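Small disclaimer: the values here were computed from a predicted structure and weren't measured. In listed order, ligands and their atoms are each counted from 1.
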Amino acid sequence: MEEGKDPATANRSGRFITWRFLQYLLLFLVLGLGISIISMNTLRYLGPQNQNTITPLHRSNSIIWSTEPSGLESWISPPKNLLHNMIDAELLWRASFVPKIKTYPYRRVPKIAFMFLTKGPLPLAPLWERFFKGNEKLFSIYIHSLPSYVADFPQASPFYKRQIPSQVAEWGMMSMCDAERRLLANALLDLSNEWFILLSESCIPVQNFSTVYRYISQSRHSFMGSFDEDGPYGRGRYNPYMAPEVNLTEWRKGSQWFEVNRELAVAIIRDSKYYPKFKRFCRPACYVDEHYFPTMLSIHYPDLMANRTLTWVDWSRGGAHPATFGQYDITKEFLKKILKSNCTYNDHTTTQCFLFARKFSHSSLEPLLALAAPVLGIH
Ligand SMILES: *[C@@H]1O[C@H](CO)[C@@H](O)[C@H](O)[C@H]1NC(C)=O
Ligand SMILES: *[C@@H]1O[C@H](CO)[C@@H](O)[C@H](O)[C@H]1NC(C)=O
Ligand SMILES: *[C@@H]1O[C@H](CO)[C@@H](O)[C@H](O)[C@H]1NC(C)=O
Ligand SMILES: *[C@@H]1O[C@H](CO)[C@@H](O)[C@H](O)[C@H]1NC(C)=O
């Protein structure tokens, strides 16, 4: 018979097609589930290590989702990894957050942020390590070096993994102030940091940690050099195009090596009024790192300024650069001379004026370590 299909066969093949369809559906379901499980796990295990390739927004989301505690802790604990991938604009914005309620709802131990602006290695690190030892709860360290430099401090050193994302900084150029703002902004991310000190690789401490902490924490002023100097190296560097933001009478000069409190640190990193003026109109022979912060802060916060620096330096040999001291310069008498001068502290006169000194070469390390305990009280 040339009839159509046998109804039984048609029925069977129809059921067969439905069965095949179900099989495929099941296969896809299993495959899909498998892939999503694998990718979730890969994200969980590779996510944190791979964070450099993920954009900041995604990265912070994933941290909040997976590891971040949801209590107060998540707002007050310092960043665990200093090597974030924020660009400067993002970093400065984040660091400018200021709590408006002035009483901390937890026991806050204020810390000093020691910010090292260096080219590369820290040849005097052994002296600093001795200085820091035993005071771990009272300080944090930040290092800005040339981006090409790879630090190799041992895990036991307080300098271990304290490098921040850095860029090339040139003396006398705005890139130097950018580096200083980058240091301040990174240090501001730790809410415990209350005082911020800028140091270089050639700086040494000349007092022990407890003296430094007491001196800074009990001062009513921040120690930024700021003075009105006549002549070519002072007022001579002023450019009338800076008016009306800065007039000649407001123009200040001071050493680059400063100490500021949290309020002034935020003022420095949030500034957008003076920054473009100084960037454009203070170029060598105007050295912007000697004028920008002292001038801006003297206009807005004159009462918070001590107008002097805590870092001793010797200009007596003349010339464009201060003296550098090596192995044969370091004697008991030399160090004692640094420890005695005249200045004011909280409106009283005192002979204890300097907590740090520069510039010291690598060769000075051995004699400094030998005299640290008997002369400087650094044990
Ligand atoms: C630190 O130095 C001061 C004076 O220089 C001294 O009185 C004090 O005992 C020293 N502190 C420590 C912990 O060595
Ligand atoms: C600079 O001088 C101008 C004109 O006298 C004045 O308006 C301006 O407020 C001054 N700037 C500062 C920072 O005092
Ligand atoms: C620092 O200088 C400013 C003027 O720029 C002045 O108002 C302030 O009183 C000075 N600070 C001290 C501690 O003398
Ligand atoms: C500090 O002042 C005293 C008294 O005025 C003076 O005898 C001493 O020489 C001064 N010291 C320094 C280092 O200027």
Checklist entry - Run the side-chain contact (heavy atoms from CB on, under 4.5 Å) check on Tyr287 and Trp171 step by step: do they pass? => result CA-CA 8 Å; Tyr287 296 95; Trp171 296 105; over 6 Å; no
Checklist entry - Does Phe116 belong to the same Ile/Leu/Val/Met/Phe/Trp/Tyr cluster as Met224, with side-chain heavy atoms less than 4.5 Å apart forming each link? => result no
Item to check | Arg252/Glu229 ion pair, N-O < 4.0 Å | outcome: no
Checklist entry - For atom 14 (O) of ligand 2, which protein heavy atom lies nearest, and how many Å away is it? => result Glu250 OE2, 3.0 Å
Checklist entry - Is the charged tip of Arg162 near the ring of Tyr160: under 6.0 Å from the six-membered ring centre and within 45° of its axis? => result no
Checklist entry - Less than 3.5 Å between some nitrogen or oxygen of Pro244 and one of ligand 2, yes or no? => result yes
Item to check | Closest protein heavy atom (residue, atom, distance) for atom 10 (C) of ligand 2 | outcome: Asn247 ND2, 2.5 Å
Checklist outcome for this item: protein heavy-atom neighbour closest to atom 12 (C) of ligand 4 works out as Asn342 ND2, 3.3 Å
Checklist entry - What do the steps show when you test Thr350 against Thr344 for side-chain contact (heavy atoms from CB on, under 4.5 Å), and what is the final call? => result CA-CA 6 Å; Thr350 176; Thr344 60; over 6 Å; no
Item to check | atom 4 (C) of ligand 4 touched by protein (heavy atom, under 4.0 Å) | outcome: no
Checklist entry - Are Leu127 and Val375 co-members of a hydrophobic cluster defined by side-chain heavy atoms under 4.5 Å apart? => result yes
Item to check | Where ligand 1 meets Gly377 - atom numbers and elements under 4.0 angstrom, heavy-atom basis | outcome: 14 (O)
Item to check | Numbered atoms of ligand 1 (with element) below 4.0 Å of Thr211, judged on heavy atoms | outcome: 1 (C), 2 (O), 3 (C)
Checklist entry - Could any protein non-hydrogen atom be found less than 4.0 Å from atom 1 (C) of ligand 2? => result yes
Checklist entry - Which protein non-hydrogen atom lies closest to atom 13 (C) of ligand 1, naming both residue and atom, and how far is it? => result Ser210 OG, 3.9 Å
Checklist outcome for this item: protein heavy-atom neighbour closest to atom 9 (O) of ligand 1 works out as Asn208 ND2, 4.7 Å
Checklist entry - With distance as the sole criterion, is a donor-acceptor pair present between the side chains of Asn261 and Tyr301 under 3.5 Å? => result no
Checklist entry - If you measure every N/O of Glu245 against every N/O of ligand 2, is any gap under 3.5 Å? => result no
Item to check | Cationic tip of Arg108 above Tyr104 ring, under 6.0 Å, 45° of axis | outcome: yes
Checklist entry - Does the protein place any heavy atom closer than 4.0 Å to atom 7 (O) of ligand 4? => result no
Checklist entry - Which word best sums up how the rings of Phe131 and Phe114 line up, parallel for under 30°, tilted for 30 to 60°, or perpendicular for over 60°? => result perpendicular
Checklist entry - Which ligand 1 atoms does His379 reach within 4.0 Å, using its non-hydrogen atoms? => result 14 (O)
